[in-house]
Each structure stands twice: as C-alpha cells, then as structure tokens.
J.: 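What follows is a single structure, and I will ask about it in a moment.
For this chain, numbers begin at 1 and follow the sequence in order. Being a predicted model, the structure only gives us computed values, none of them experimental. Below, each value reflects all heavy atoms present in this structure, side chains not excepted, and no hydrogens, waters or symmetry copies.
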Amino acid sequence: MDFGIQFKVRGDSFGGHFINGISMAESESMLKLKFVSSDKEKSEYISADGYKITAYHTNKNGVFECYTVFENHSNSVVTLEMISSFCLNNIAADTLHRATSFWSAEGKLLNQKLTELNMEPSWSGHGIRIEKFGQIGSMPVRKWFPFAAVENSETGEFIGVQIYCPSSWQIELFRYNEPLTLCGGLADFDFGHWCKTIKPGESFTTPKAKVAAGNSLNKVCDMLVKAQQPAVSPVDEDMPVIFNEYCTSWGNPTIENLKKTAQKLQGSKIRYLVMDSGWYKEEDKNWWDTIGDWNVGKTLFPNGLKTVNDMIKSYGLIPGIWFEMENVAPLSKIYNETHHLLSRDGVPLTVSGHRFLDMRDKWCADYLDEKVVKILRESGYGYLKVDYNENIGVGCDGAESLGEGLRQYALASQEYFKHIHEKLPELVIENCASGGHRLEPSTMELCSMASFSDAHECKSIPIIAANVQRMIRPSQSQIWAVLRKGDDIHRVNYSLTAGFLGRLCLSGEIFDIPVENWQVTLKAVEFYSEIAPIIKDGFTSVIDCTAEDYSSPEGWQIVLREMGNRALLIVHTFKGGANPPYEKYLEVWQTDKTFGSELDGEFRGKAFLLKR
C-alpha cells in the first residue's frame, strides 16, 4: 500500500481545483512538506516551517495500524486545522462501500459505483472529484459507521478501513485524475469545527485507524473486526446468555418482577440478570427525567439494592444495573450544577432537556465514584450497562475550538471507563448508546459487549444483527430476544435464532409465557452454548439478504459463519419469503444439529450446526 499524509496548518493557502469548502486536503501545507524516509513501520516528513510529521503504518497480523504524530520544532505556535490518521494514495478502485446507521437501523450497507457518485475524472484531469462523509458529535455511529471499503471489480481486490474515534470523524475519497486517495481521521475545521494549537516543542497524536486488504468485502470486514482488542471480563469470556428486564418493566423495575424472573432463570445457563433504567426514580416521576442523582428509589427498593442483589445471587445469577452516567436530566439536582456541566458559548449545553457532565472535570469523576462505583461495589454488582442517549453535537467550550473540546470530553469519558476497570477489574461492562450509536472500535475495546441496537421486538432484528457482524465482533454484539406470553412458537424461534447472530439477550415476561415456549427457550440456550465458539472465532463468509425495507422486510436472509470443520447456518424468512434457497449450503456441509422452525412460512427462523 502507498501510505501518505494529509494535513493543513492555519494560515497556509487552501488547495485549488475548486476544493475549498468541501475539503481541506491538498493544501499549501502539503506543498511545503518534504519526504525524509520510510520503512515498514512509518514514513517521516519535515516542513520548511519547522514541523515534523511521522505517519505510522505498522503491520500487525496482516492489518495495518495507522496514526500520525505532528511535532512542532519551530519557534512559533502552530494551529492544525486538519490532519489525517491514515492516507492511502494511488488506489485503483471503482466502488465505494459504506455502512449507514440510524437509530434501530444500524449497519445497512451502501454500495455505490464511483460513477454513481459522479467521480469519474474530468476530460482534462482538472477539478476535484470527492466523496466526503463522517459524523459530528459524541455519538460516532449516528448516520455512518467510521468505516469505508473500496473495491476494484476488475481484480476483485478490496481495501477497508476503520477509524478508532469516539468523537467527530471524517473519511474522504478523492481524485483529480485516475489514482484515488482515501484518507480520514478527526473531523477537520470546516466539517467538525476542530483545530488544535501546538506550542513550540509540543506534539499531537491522532486517533488510530486500521487498514486491511482482501479478496472480498466480508474478508476485509472480518480482518478489521478481529483486529479489535476488547477488554472482556474473565467471567464473560465464554459468552454466557444475558437477561435484561427492560422489556419486562419498561423502566419500572420492582422487587417482585426481579424475584419472579430470577426464580424462572434458576438452573439455566443464563448468567446475568440486569436491572435496566428506572431503579432510581421516586414515585410519580418518569425515569427519563430523573437521570443524574443516582439515589436508590425508596418506594421501589426500601431496603436498598444489596438486599435485592443478595436475592438474585441466591438463584445463581450475577446481578447487573443500568446507568447513564455521563448525562443528567432536568429533575435531578445535579442538572443545576452548571459549573460542572458542558457549555457552548458560555451557556449550558442542553439537548432535548438533558445536559452533560464535563468529564474533563475531576469533580465529575469524583462524583461518579461516589454515585456509580460505590453502588456497584457496596451492592455487589457484577455487570454494568452504560447507556448514552443524547449527542452533544459539534462541540463544547474549554478548548481552542468546539471540536477540540468535544475530542477532549470524549477521551475523558473513555478514561473513566478505564478507571472503572481499575476499581472493579471483574466487572462486565456493556456499551449502549440508544442501542448502537457508540459501536466504534475504541469504545468497543473498553467493554465486554454492546447493545447492537434498540430494535427490541422488530422484524428487522436478524437483518440488523447480521449487518453489525461486519463492524464489531459478534461475541460482543448483544441482541434482544423478547419473549411474550402471546407469542406463537414461530415467533419464539424467530427471535431466538436472531440472537444466535451475536450475544443472546432475553427479555420479556418469561414468568408468564407458556410452558412449551419456555422449554424451547431453554433448548435454545443449550444450543447457543454449543455454537458460541463459532460465534466467537468464526468467519462470516455469507450474508445474503433480499430485504430492502427494514420496516416491512420481504424475502429471506441466509448467514453462514465458518470455523474450521464446523459452521453455523442461520436462516430467516420474511414476508413472502418461505422456502429460501439454503439447501446448497447443506450439500457442502453435513447437518449435525438444528434449532428452530421449518422454513415453509413467513417470519420463521432456523439454525443449523454443521460439520464437514
């Protein structure tokens, strides 16, 4: 690969070819840059203005880890307005692949020929052709995943990249003539209001990115996903099943419901019982409006949480609890502690009524130690679900630019995740942001698992779950399987087999469902324990889905995940999709075991454990 660099220093001329306003690449800063040396690990450049830039591109098991270090060796203050984490030059490709993401619709692929994007070179080679995209704010997977892949359809070669960034980011694909350049990193000043002032003798290091090449999109995605190194708690290594009571109580947890649920789960292979939102609210107040003070609800839990957790543990389960620790709501006392909250232009930063702790402020870390870590430790929790339900947007006060304030805030939030790990090393941490809004690699590396989506009971769940496999490890992708007393057996199987596409998470009134449905659920949990190694370490070679409208899916989906001489085939039917063409895979593999419904009707699910 031909690694390079893109950056711009304030005061330097913008590039030509009508680029100004759509990109800060190809600036005068680049013209001043002189190549010094290159090896397998890095490329070094210096500028006549006294800067040194080192672009690292280290090959780690076939995946390149890239980041850039800018050093100011001049006698003047330098303001960076753009600098790439990765830059690939001289690419031959004709197709761009991206993963879109909206709430409850994460990971849908967008595959476009460059001609569809109007990116064929001009008749003279003059005039920039560019496709630039990214995300602004503290939800880095709100519209796009920080991912792109380019394909050369003539050679069958693919190059893919993921950016490890919890704040605003961007990716640019551009050309003047035939060769393409693909670069990206932090959102620049034009796009994300980011700039960074670097004093003489100081340096700045970008977020990292990872780059992989392969002979298929699935292969490149698999390489990138397996390059992620998550901080999985030892108790979670074998991928146990979770029960989360949110779709049981909808923010109204009670001792009675928790006890009935624990009794039902006793003796199963389900390990965690997680109490979701609302445990802190007082009578007649909504859980959404009281986030932030984290006082145990006296009406709900008059004897505190430890008593409840002792009960849960007596049934052989690990208790879990929900926090949204970075945000505060209007009915909390801390909502008015504005000198410890984020501001923009001197005004408290408020989004849909909610505000944000300034995680750069030590007072906030101390506050969360008292309110979050203390509850976790003293009440005996083994599982923490961290939610995040609003976005701070372009940035906040407290730095030389709004975007730099955002970057510092997001990194401080991540440091607090690490702090929790240090305080409670056995704790299982789940990353949630209204489902999948923080499914980016640097955050995923801080957690055992993540909520794949807020799609709780949607027909699109298996489609979203398959899509997310391309972006994060399936062993970290927690998928809802909500069980209702009115569900027929086909609905039960549809939900449970969707959970086999990642981490199976049950919810619903399991204490009220028919006996036969619960027996099927227990069989699913047993089947899941057999297929867990394939989910964890396999390779998803096939994702074949005919559905286009996720609200009303039609057709079918087939997913094949292989691991050596074993494989997992998961098939779902949608409207009009009975009898999908999955038999061709059974001609290559032998069926060992199955779980689920026959696929001769709509909205059915079936899983096949295969062997050679």
J.: Do other residues, nucleotides or ligands put more than 12 heavy atoms under 6.0 Å from the CD atom of Glu548?
T.: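 No.
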J.: Mind checking the NE2-NZ spacing from His73 to Lys52? Nearest 0.5 Å is all I need.
T.: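 Between atom NE2 of His73 and atom NZ of Lys52 there are 5.5 Å.
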J.: Would you mind telling me which of Glu400, Glu81, Glu28 makes a salt bridge (Lys or Arg N to Asp or Glu O under 4.0 Å) with Arg10?
T.: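 With Arg10 as partner, salt bridge (Lys or Arg N to Asp or Glu O under 4.0 Å) holds for just one option, Glu81.
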J.: Would you say that Asn111 contacts Glu151 through its side chain, given a criterion of any heavy-atom pair below 4.5 Å between the two side chains?
T.: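 Sidechains of Glu151 and Asn111: no contact.
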J.: Does Asn75 CG have over 12 foreign heavy atoms under 6.0 Å away?
T.: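 For Asn75, atom CG is not crowded (no more than 12 foreign heavy atoms under 6.0 Å).
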J.: Are Gln162 and Gln228 close enough that a side-chain donor and a side-chain acceptor fall under 3.5 Å?
T.: yes
J.: Please say whether more than 12 non-hydrogen atoms of neighbouring residues, nucleotides or ligands are located less than 6.0 Å from NZ in Lys199.
T.: no
J.: To the nearest 0.5 Å, tell me how far Asp94 CG sits from Met119 CE.
T.: 11.5 Å
J.: Go through it in stages, so that I can follow the logic: the residues are Ser138 and Tyr388, the test is side-chain hydrogen bond (donor to acceptor under 3.5 Å, both in side chains), and I'd like the CA-CA distance, side-chain angles, deciding distance and then a yes or no.
T.: CA-CA 9 Å; Ser138 53; Tyr388 189 85; 2.8 Å; yes
J.: Would Lys584 and Ile558 satisfy side chain to side chain contact (heavy atoms under 4.5 Å, CB included), going step by step from the backbone distance to the final call?
T.: CA-CA 11 Å; Lys584 60 183 178 181; Ile558 298 171; 5.8 Å; no
J.: Under a 3.5 Å cutoff, is there a donor and acceptor pairing between the side chains of Tyr550 and Asn467?
T.: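 Tyr550 vs Asn467: donor-acceptor pair found between side chains.
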J.: For Phe356 and Tyr409, what are the C-alpha separation, side-chain angles and deciding distance, and is it a side chain to side chain contact (heavy atoms under 4.5 Å, CB included)?
T.: CA-CA 10 Å; Phe356 306 83; Tyr409 156 82; 4.2 Å; yes
J.: Are Thr443 and Glu440 close enough that a side-chain donor and a side-chain acceptor fall under 3.5 Å?
T.: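 Their side chains do contain a donor-acceptor pair, which is all the 3.5 Å distance test asks for.
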J.: Testing the basics here: between Gly436 and Glu106, what is the closest heavy-atom pair and its distance to 0.1 Å?
T.: N-OE2, 3.3 Å
J.: Using distance alone, with no hydrogens and no angle criterion, decide if Glu41 and Thr58 have a side-chain donor and acceptor under 3.5 Å apart.
T.: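 Their side chains do contain a donor-acceptor pair, which is all the 3.5 Å distance test asks for.
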J.: Check Asp188 with Lys132, please: is the shortest side-chain N to carboxylate O separation under 4.0 Å?
T.: yes
J.: Within the distance-only criterion (no hydrogens, no angle test), does the side chain of Arg175 pair as donor or acceptor with the backbone N or O of Pro121 below 3.5 angstrom?
T.: no
J.: Taking all non-hydrogen atoms of both residues into account, name the closest pair between Gly577 and Pro580 and its distance.
T.: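 Of all heavy-atom pairs spanning Gly577 and Pro580, the closest is O-CD, 3.6 Å.
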J.: I'd like to know if Lys196 and Glu202 make a salt bridge, using a cut-off of under 4.0 Å between side-chain N and carboxylate O.
T.: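 No, this pair does not count.
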J.: Do Phe3 and Leu88 come within less than 4.5 Å of each other through their side chains, counting heavy atoms only?
T.: yes
J.: Would you say Pro581 and Trp556 make side-chain contact, with heavy atoms under 4.5 Å?
T.: yes
J.: Quick one: closest heavy-atom pair of Ile570 and Thr497, and the distance?
T.: CG2-O, 3.8 Å
J.: Indicate yes or no: does Glu404 engage Arg407 in a salt bridge with an N to O separation below 4.0 Å.
T.: yes
J.: Decide if the gap between the ring center of Phe147 and the ring center of His97 is smaller than 6.0 angstrom.
T.: no
J.: Please say whether the positively charged group of Lys8, taken as NZ for Lys or CZ for Arg, lies over the ring of Phe14, i.e. under 6.0 angstrom from the six-membered ring centre and within 45 degrees of the axis.
T.: yes
J.: If you measure from the Lys or Arg side-chain nitrogens to the Asp or Glu carboxylate oxygens, is any gap between Glu430 and Arg503 under 4.0 Å?
T.: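 Looking at Glu430 and Arg503, the cut-off is not met.
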J.: Examine Phe86 together with Phe64 and report whether their ring centres are nearer than 6.0 Å.
T.: no
J.: Scan side-chain atoms only and decide if Ser104 and Asp454 contain a donor-acceptor pair under the 3.5 Å cut-off.
T.: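 Per modelled atom types, Ser104 and Asp454 side chains form no pair under 3.5 Å.
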J.: Do we see a donor-acceptor contact under 3.5 Å between the side chains of Asp49 and Ser74?
T.: no
J.: Tell me the closest heavy-atom pair linking Arg142 and Gln135, and the distance in Å.
T.: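 Looks like NH2-OE1, 3.4 Å.
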